[in-house]
Amino acid sequence: MRMVFIGPPGAGKGTQAERLIKKYNMAHLSTGDMLRAARDAKTPVGLKAEEYMSSGALVPDEIIVSIIEERLGQSDCDGGYLLDGFPRTIAQAEALDEMLAKKGTPLDIVLELQVPEEELFTRLAGRGRADDNPDTIRNRLVAYRNQTAPLLEYYGKTGLLKSVNGLGTIDEIFDRVVEEMEKVNK
Ligand code: AMP
């Protein structure tokens with residue numbers, strides 16, 4: 001399965017992704033994790049990305065697209081992957097479409113995890129990551145609303161988009177996601 005996971009920060013994508021990759025044997029491609037690793041390793045890309053991440057802004061498309069392009073070329077992606085936190089802008093989605101069209105490996109599903117904003121703020125504020133302070137959280141939610149939410153319409157038009165209620169227990173949400181996955185699993 002080639003899957004895109006969309007949802008605001010704090011929606012629980014990471015938690016659900018951990019389970020989904022096991023069930024469907026997908027590589028887990030989290031751009032946030034990749035950027036944090038690059039930042040901690042103090043690579044040039046990591047240090048550049050940190051300038052944006054620390055304020056809750058999105059890292060420029062060119063940086064992210066080249067990271068993903070390289071990652072998708074690795075052999076563990078051949079059996080399927082879950083893109084967690086990418087694409088986050090229309091330009092990234094277009095770049096992804098182009099890459100996948102060239103390879104002849106289209107996406108199977110785009111899954112949206114829906115959680116109301118009030119709930120997100122509470123969850124993020126309780127998490128304790130460096131970019132989980134109130135100002136940064138606010139910026140990340142605004143970035144989602146303005147830059148990422150338009151992807152719902154973009155993928156809605158392709159028929160790939162499935163939306164799932166992200167409120168409830170981890171098990172309940174997982175079951176809802178799996179129900180959608182099973183409809184397209186091949
Ligand atoms: P995440 O762990 O997915 O919440 O990502 C943490 C931070 O990394 C975000 O707030 C952005 O600054 C940056 N980031 C992660 N993925 C992307 C992306 N696809 N495009 C731009 N910035 C990203």
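Both counts, for ligands and for their atoms, begin at 1 and track the order of listing.
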Could you give the N/O to N/O pairs under 3.5 Å linking ligand 1 and the protein, each with its distance?
{"residue": "ligand 1", "atom": "2 (O)", "partner": "R36", "partner atom": "NH1", "Å": "2.9"}
{"residue": "ligand 1", "atom": "2 (O)", "partner": "R36", "partner atom": "NH2", "Å": "3.0"}
{"residue": "ligand 1", "atom": "2 (O)", "partner": "R129", "partner atom": "NH2", "Å": "3.4"}
{"residue": "ligand 1", "atom": "3 (O)", "partner": "R88", "partner atom": "NH1", "Å": "3.1"}
{"residue": "ligand 1", "atom": "3 (O)", "partner": "R88", "partner atom": "NH2", "Å": "3.1"}
{"residue": "ligand 1", "atom": "4 (O)", "partner": "R88", "partner atom": "NH2", "Å": "3.2"}
{"residue": "ligand 1", "atom": "4 (O)", "partner": "R129", "partner atom": "NH2", "Å": "3.4"}
{"residue": "ligand 1", "atom": "5 (O)", "partner": "R88", "partner atom": "NH2", "Å": "3.4"}
{"residue": "ligand 1", "atom": "12 (O)", "partner": "A57", "partner atom": "O", "Å": "2.6"}
{"residue": "ligand 1", "atom": "16 (N)", "partner": "T31", "partner atom": "OG1", "Å": "2.8"}
{"residue": "ligand 1", "atom": "16 (N)", "partner": "G85", "partner atom": "O", "Å": "3.4"}
{"residue": "ligand 1", "atom": "16 (N)", "partner": "R88", "partner atom": "NH1", "Å": "3.1"}
{"residue": "ligand 1", "atom": "19 (N)", "partner": "G85", "partner atom": "O", "Å": "2.9"}
{"residue": "ligand 1", "atom": "19 (N)", "partner": "Q92", "partner atom": "OE1", "Å": "3.0"}
{"residue": "ligand 1", "atom": "20 (N)", "partner": "Q92", "partner atom": "NE2", "Å": "2.9"}
{"residue": "ligand 1", "atom": "22 (N)", "partner": "V59", "partner atom": "N", "Å": "3.0"}

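The pair K157-E153 meets the salt-bridge criterion, with a side-chain N (NZ, NE, NH1 or NH2) lying under 4.0 Å from an Asp/Glu carboxylate O. Using a 4.0 Å cut-off between a side-chain N of Lys or Arg and a carboxylate O of Asp or Glu, D132 and R140 qualify as a salt bridge.
Partners of P60 by side chain to side chain contact (heavy atoms under 4.5 Å, CB included), not counting sequence neighbours, listed by chain and number: Y52, E62, I63.
The heavy-atom pair separating N165 from R176 by the smallest distance is O-NH1, 2.5 Å.
A donor-acceptor contact shorter than 3.5 Å links the side chain of N139 to the backbone of S55.
From R19, atom CZ reaches atom CD of Q16 across 6.5 Å, with rounding to the nearest 0.5 Å.
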